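Each chain gets a letter, A, B and so on, in the order the sequences are listed, and its residues count up from 1. Since the model is a prediction, treat every value here as computed from it, not as a measurement.
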Amino acid sequence: MMTELRRIIKSGFLNFKRSSLISWAAILIVTITLSVITTIVLLQAVLHFSLSQIQDKVDVTIYFNTGASEDKILALKSSIQKLPEVASVAYTSADEALKIFRDRHSDDYPTIQALDEINENPLGAYLNIKAKEVSQYESIANFLKSDNALVAGSASIIDKVNYHQNKVVIDRLDTIIKGAQKLGFLITLILIIISVIITFNTIRLTIFIAKEEIGVMRLVGANKMRVRGPFMVEGVIYGCISTLITLFLFWPITYWLGKNMTDFLGFNMYEYFISNFFEIFGIILISGIVLGTLSSFLAIRKYLNK
Amino acid sequence: MIYFNNVSKIYNKDSVALDDVTLTVSAGEFVSIVGHSGAGKTTLIKMILADDKPSDGTVFFESVNIHKINSNELTKLRRKIGAVFQDFKLLSNKTASENIAFAMEVAGKTDEEIASDVPHVLELVNLSHRAHHFPNEMSGGEKQRLAIARAIINQPELIIADEPTGNLDPVNAFEVLQILKKINDLGTTVILTTHNRGVVESAGKRVITLEKGKIIRDDKDGKYII
């Protein structure tokens, strides 16, 4: 068994070496496929990052009446935090709200002067709520509106909830984000299917060239595995070499993108590539090996039945 | 050893390759099958190698119905048969010694056996100097001698030679025939197809003549008569 395996592996390497032109043509195609997969992985990262940036900009704010007691507000805060849809709740006290307002309008002299003349804090405290998903804001807002036991007694201190003012924008963003995710998935799927078909056909072509040899091996008395094995080993070699070439190509590409396109993309591609190097390496290597081996396995089946 | 019982191979109604052929080849025989191109010689060989299925009838190798066995059993059966073809059917990306070693590997021989037997058989067919050459670096006669070396390396019970001299000049053809006769003298059954009159007559053994898929003559010490 071990001897058989050793002979198959040796034969695979020898075939790879001896039919070098065909081997490198196959490697070129597998490399292109793996490059498509790598590009998709990186684009998904950009898409994911951009969408989470947008999502992060969406929130719901509960404004409280001036003079609402901090205990009640904090009690409400802890109730809201317990909701499964809620990602985070930030409390801003009335004093902090005033400070932020003053900072923001520091150049606006009449406003500051008017504020000084009032001589008391006209602003109330507020809670800033971020949901895990954009689509969950509505249920959070509904929860706040309801006569729920958790929020009982809070109605008197809530001035307004800005969700209903922002509803249209939030809904539209939700649609865009979901659409972008669906489109991204669809494009990914189509590109991967096309690449896999091209790779499969290229490997099928390399095996078609060897179909006479396959017939001879069978006539000499080789069992199916002895004939198929070396081709599958070649498939593994294609996958491994293509992985190395792809990673070698993407190193400078992501470096350039990181250096020149960080502002445009919103995040540093090179840093992403480096920090996720082993994950990307794993994805490409497994894709390459599975593609090469499986294509060989399937392509040779047709010629083995004699 | 080989039994054909009413075997027919019909590709379509205008193309009948074998028509109700019944024949027996005993162990140790040297049988030449002759006939014009298209007489059905190669189809007959394909039936024995299970490279093609009969439309009707049965083919037995000893007690085994060749066309009723599964892929694994067929692989084992083929190891009992050494085949030589007009177009050599060598593995082009393997050297002469690797071609022979491959046949030994698939028969489950050890590395030691391969290392000792391959040089011997190459010497037997006078190809020691070509051991590390690829088939495309060899002449027609050398390729055919290599094919014979590969066919006999596992000491098969039967050697099938399908037009082995078809691509060779008379000198090489004679040399190939002498090797086949020597193998037969050592006890191996040989089935040879040819349309080379000289080869058949110098063999001086049993001759089966095929015409349009039918056996029209079967002579013990036959001559090439068509």
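In A:F208, the CZ atom is not crowded: 12 or fewer heavy atoms of neighbouring residues, nucleotides or ligands sit closer than 6.0 Å. Applying the 6.0 Å contact sphere to CD of B:E73 captures more than 12 heavy atoms from other residues, nucleotides or ligands. Dense packing is recorded around OH of B:Y11, with more than 12 heavy atoms of other residues, nucleotides or ligands lying under 6.0 Å away. Heavy-atom contacts from other residues, nucleotides or ligands closer than 6.0 Å to NZ of A:K224 number more than 12. A 6.0 Å sphere centred on CG of A:L21 holds no more than 12 heavy atoms belonging to other residues, nucleotides or ligands. Atom NE2 of B:H129 sits in a crowded spot, with more than 12 heavy atoms from other residues, nucleotides or ligands closer than 6.0 Å. Around CZ of A:F49, the count of heavy atoms belonging to other residues, nucleotides or ligands within 6.0 Å exceeds 12. Within a 6.0 Å sphere centred on NZ of A:K10, heavy atoms belonging to other residues, nucleotides or ligands number 12 at most.
B:K109 has its side chain out of reach of A:T3: every pair of non-hydrogen atoms, C-beta onward, lies at least 4.5 Å apart. Here the side chains of B:L90 and A:V216 are not in contact, with every heavy-atom distance at 4.5 Å or above. Counting only heavy atoms from C-beta outward, the side chains of B:F85 and A:L219 approach each other to under 4.5 Å. In this structure, B:D111 and A:R6 have side chains that are in contact, with non-hydrogen atoms separated by less than 4.5 Å.
The main-chain N or O of A:V220 is never found under 3.5 Å from a side-chain atom of B:R78 such that the two would form a donor-acceptor pair. Using modelled atom types, one side-chain atom of A:E213 and one backbone atom of B:S92 make a donor-acceptor pair closer than 3.5 Å. Distance alone, capped at 3.5 Å, is enough to place a donor-acceptor pair between the B:R79 side chain and the A:G221 backbone.
What you find for B:T110 and A:R7 is that their closest heavy atoms are C-NH2, 3.6 Å.
Interface remark: B:K94 contributes backbone and side-chain atoms alike to the contact with chain A (heavy atom separation under 4.5 Å). Neither the backbone nor the side chain of A:S19 comes within less than 4.5 Å of any heavy atom in chain B.
Rounding to the nearest 0.5 Å places OG of A:S11 at 9.0 Å from CG of B:L91.
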Practice item. Starting from the C-alpha separation in whole Å, work towards a yes-or-no answer on side-chain contact (heavy atoms from CB on, under 4.5 Å) for B:V106 and A:M217. Key: CA-CA 9 Å; B:V106 302; A:M217 289 181 196; over 6 Å; no
Review point. So A:R18 and B:T95, side-chain contact (heavy atoms from CB on, under 4.5 Å) or not? Walk me through it.
Key: CA-CA 11 Å; A:R18 287 180 181 166; B:T95 63; 4.3 Å; yes
Check your understanding: Step by step, would you call B:E105 with A:R226 a side-chain contact (heavy atoms from CB on, under 4.5 Å)?
Key -> CA-CA 9 Å; B:E105 284 178 10; A:R226 186 63 180 82; 2.3 Å; yes
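Side-chain atoms of A:N223 and B:N72 include no donor-acceptor pair closer than 3.5 Å.
Between chain A and the options B:A103, B:G108, B:A83, B:S71, heavy-atom pairs under 4.5 Å are most frequent for B:S71.
With respect to the salt-bridge test (charged N to carboxylate O, under 4.0 angstrom), the residues B:D51 and A:R218 do not qualify.
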